[in-house]
Amino acid sequence: MNLFSDIRSLVIQSLDAMVAESALPEGLSFDNVAVEPPRDAAHGDMATNAAMVLAKPARLKPRDIAEALAVKLAADPRIDSAEVAGPGFLNLRLTPSVWQGVVGQVLQLGPDFGRSEMGQGVRVNVEYVSANPTGPLHVGHTRGAVFGDALASLLDYSGHDVTREYYINDGGAQVDVLARSVYLRYLEALGQDVAFEDGTYPGDYLIPVGQALAEQKGDAWVGQPESVWLEELRDFATDAMMDLIRADLAALGVEMDVFFSEKSLYGTGLIEKAIEELRAKGLIYRGVLEPPKGKTPEDWEPREQTLFRSTAHGDDVDRPIMKSDGGWTYFAPDIAYHYDKVSRGFDALIDVFGADHGGYVKRMKAAVSALSGGKVPLDIKLTQLVRLFKNGEPFKMSKRAGTFVTLRDVVDQVGPDVTRFVMLTRKNDAPLDFDFDKVLEQSRENPVFYVQYAHARVMSVLRRAAEAGFATDDAVLGAADLSKLDHRAELAVARKLSEWPRLVETAARANEPHRVAFYLYELAGDFHALWNRGNDTPGLRFVQDGDEATSRAKMALARAVSVVISAGLGILGVTPAQEMR
RNA sequence: GCACCCAUAGCUCAGCUGGAUAGAGUGUCGCCCUCCGAAGGCGAAGGUCGUAGGUUCGAAUCCUACUGGGUGCGCCA
């Protein structure tokens with residue numbers, strides 16, 4: 001299924017044979033032996049570093065090992081040639097039938113070509129978005145949502161058992177602020193003049209919430225103190241906000257498996273239990289923290305607090321878990337939440353945060369490390385800022401309080417597919433420029449268009465071939481005589497297709513879905529290049545009039561490209577285009 | 001002050017968990033676009049991979065120290 005691991009197995013087999021023949025000493029580790037595509041295609045199809053990795057432990061010259069290995073490898077029918085190059089690289093050329101076989105495999109396996117068992121069913125929890133339930137999602141959340149969702153899909157595709165989860169911060173003081181803001185909108189809905197002071201959310205999105213409340217309650221809460229309405233209104237408001245957020249996510253095509261409420265942790269003893277767990281390990285104590293150097297707050301005074309000894313697990317300073325009034329800090333329920341995730345049996349945790357939460361990474365890792373006894377790894381991916389542009393100019397919404405660029409603003413303008421793809425054209429830890437005009441441009445500069453165009457071109461070829469009376473279904477194309485794909489340009493595309501399964505695995509290992517987007521751009525580039533050559537060389541066109549056998553083989557290649565593009569876009573959550581307009 | 005992230009072609013960025021002469025788009029320059037599947041195509045120039053050390057067969061990649069930019073830093077989540 002993965003050509004590179006197949007060839008690597010062949011290399012290992014040959015090395016084993018060399019050991020058996022005493023050409024290599026026994027007891028060598030082959031773990032570092034790699035088979036990779038060479039940077040420069042002129043070097044061949046694949047290269048292995050086996051000789052260089054083994055030279056030192058085997059106490060042999062790399063070139064001697066390489067030459068002996070080359071002889072063994074060349075005996076395999078898949079290997080066209082094996083040449084020693086440079087300090088001891090072994091460059092392999094595969095026979096055309098290998099590349100032709102890749103095309104057949106893609107058609108046979110369809111979207112599952114590239115699917116991997118690498119994850120071995122490991123249970124991974126991916127937590128992302130987790131925006132406070134106090135308003136609609138904005139652009140920053142959008143990037144986190146797209147990244148987290150694509151990462152989850154990528155992990156699923158590479159054999160992990162993935163749970164997509166959203167943590168609702170509905171326990172803190174910001175929910176009081178929300179409730180009071182809704183109360184003002186409630187009064188407003190009943191005809192009162194209200195003023196939004198500092199410390200309330202003035203956004204328009206609360207108007208309908210206030211109206212709904214007015215319809216439900218009538219004037220029962222007018223003039224009443226907070227003690228009457230605050231508790232109930234907290235629930236009412238967060239429910240309304242979560243409905244809003246769910247709808248935002250749906251507009252982007254994001255679907256969560258679990259929404260986990262912070263509030264649900266309170267009163268259940270879960271927080272206490274998690275803290276006790278840490279206390280039992282001697283990680284909870286009363287103490288006084290040093291003031292931060294350089295930027296000491298004006299009102300700094302030493303205070304004794306209940307602290308978590310996060311420094312025992314790699315943090316820089318210990319962190320407070322309890323406020324002086326005896327309430328928990330925000331960190332305590334977060335510890336309990338991650339404790340809950342560990343208790344639910346996940347083998348690995350991933351949190352996707354905005355870059356402004358960077359300072360939170362070490363303490364969270366420390367907590368999970370302590371609570372799981374170091375058994376459950378927590379990877380925290382930070383998504384950097386999104387800078388918005390329109391026509392090359394920085395784009396800003398009006399400064400009026402309460403307005404910001406929302407997920408809806410973006411999705412309504414460019415659509416979910418473009419939004420998602422563009423958000424993944426940069427690695428997560430690099431800032432991203434998003435230009436409302438450029439992302440819709442139809443040019444090679446725009447990767448979204450370029451990839452979609454490649455897919456649409458394939459669809460268009462198949463449509464026209466069908467109109468001309470050719471059979472174009474996958475079963476027929478899959479049975480094509482692929483030995484007719486003998487041109488270098490065609491084999492180059494097949495070679496690119498063969499990299500897909502390997503790319504999935506490396507991207508998944510690094511938790512970096514952007515690599516999928518870049519691969520698709522390259523694959524589309526190779527496909528467009530082949531298409532363009534058809535302009536000068538009619539023999540390279542996909543449909544050859546009057547020669548159905550050759551046409552089938554060429555259409556099989558095109559179809560294979562579309563299958564892989566479609567699978568890749570599927571991971572990114574983007575719908576492949578059937579035609580361009 | 002400390003921590004984390006970043007620094008690669010004029011510009012925007014890749015670089016596959018250490019591999020060969022560091023890649024792409026864009027921009028610049030040259031050629032092609034009467035017929036053909038040109039929302040273009042072919043080619044060229046363009047780099048001390050922030051600086052200085054170190055690790056080793058081998059470093060853009062790992063380590064250390066600097067320089068420059070971003071983010072964060074005790075009862076806000």
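Computed over heavy atoms, backbone and side chain alike; hydrogens, waters and symmetry mates excluded.
- If you take CH2 of A:Trp531 and C1' of B:G40, they are 14 Å apart, rounded to a whole angstrom.
- Checked by atom type, the side-chain pair A:Arg457/A:His528 shows a donor-acceptor distance below 3.5 Å.
- For A:Phe89 and B:A20, the ring-to-base geometry satisfies the stacking test (centroid distance below 5.5 Å, interplanar angle below 30°).
- Listed nucleotides: B:A3, B:U56, B:G25. Nearest to the side chain of A:Arg444: B:G25.
- Between B:C49 and B:U8, the two C1' atoms lie 4 Å apart (nearest whole Å).
- Summarising the geometry, the separation between CG on A:Asp433 and P on B:A14 is reported as 11 Å, rounded to the nearest angstrom.
- Considering only the side chain of A:Arg457, B:A38 comes nearest among B:A77, B:A38, B:G41.
- Considering only side-chain atoms of A:Glu36, the nucleotide from B:C13, B:U17, B:A77 that sits closest is B:U17.
- Nucleotides of RNA chain B nearest to A:Leu90 and A:Met322 differ in position, and the one nearer the 5' end is that of A:Leu90.
- Remark: the backbone N or O of A:Asn2 is paired with a side-chain donor or acceptor of A:Ser5 at under 3.5 angstrom.
- Defined by atom type and a distance below 3.5 Å, a donor-acceptor pair is missing between the side-chain atoms of A:Asp351 and A:Tyr167.
- Between B:A77, B:A20, B:A3, one nucleotide has an atom nearer to the side chain of A:Glu262 than all others, and that is B:A77.
- In terms of polar N and O atoms assigned as donor or acceptor, the side chain of A:Asp315 never comes within less than 3.5 Å of the base of B:A3 in a complementary pairing.
- Closest-nucleotide positions on RNA chain B for A:Gln174 and A:Arg541 were compared, and the one nearer the 5' end corresponds to A:Arg541.
- Put simply, CZ on A:Arg59 is 12 Å from P on B:C57, counting in whole angstrom units.
- Taking atom OH on A:Tyr450 and atom P on B:A14, their separation rounds to 19 Å, with Å as the unit.
- Separating the CG atom of A:Leu307 from the C1' atom of B:G74 is a distance of 9 Å, rounded to the nearest angstrom.
- For A:Ser562 and A:Arg559, the side-chain atoms include at least one donor-acceptor pair closer than 3.5 Å.
- Spacing between atom CG of A:Asn428 and atom C1' of B:C6 amounts to 12 Å, rounded to whole angstrom units.
- If you measure from atom CZ of A:Phe518 to atom C1' of B:C13, you get 6 Å, rounded to the nearest angstrom.
- Checking B:U17, B:A77, B:A3 against the side-chain heavy atoms of A:Asn169 singles out B:A77 as nearest.
- Side-chain atoms of A:Ala430 lie closest to B:A14 of the nucleotides B:G19, B:A77, B:A14.
- For A:Val53, taking side-chain heavy atoms from C-beta onward, the closest of the listed nucleotides B:A77, B:G41, B:G19 is B:G19.
- The six-membered or imidazole ring of A:Phe260 lies away from that of A:Tyr166, with a centre-to-centre distance of 6.0 Å or more.
- In the set B:A39, B:G15, B:A77, the nucleotide with an atom closest to the side chain of A:Arg515 is B:G15.
- Side-chain contact check for A:Thr306 and A:Arg286: at least one donor-acceptor pair (N or O, by modelled atom type) lies under 3.5 Å.
- Comparing atom distances between the A:Tyr521 side chain and each of B:A24, B:G74, B:C6 picks out B:A24 as nearest.
- Between the side chain of A:Arg426 and the base of B:C13, no donor-acceptor pair under 3.5 Å is found.
- Straight-line distance from the CD atom of A:Glu441 to the P atom of B:U12: 17 Å, rounded to whole Å.
- Checked against B:A39, B:U56, B:A20, the side chain of A:Ala85 finds its nearest nucleotide in B:A20.
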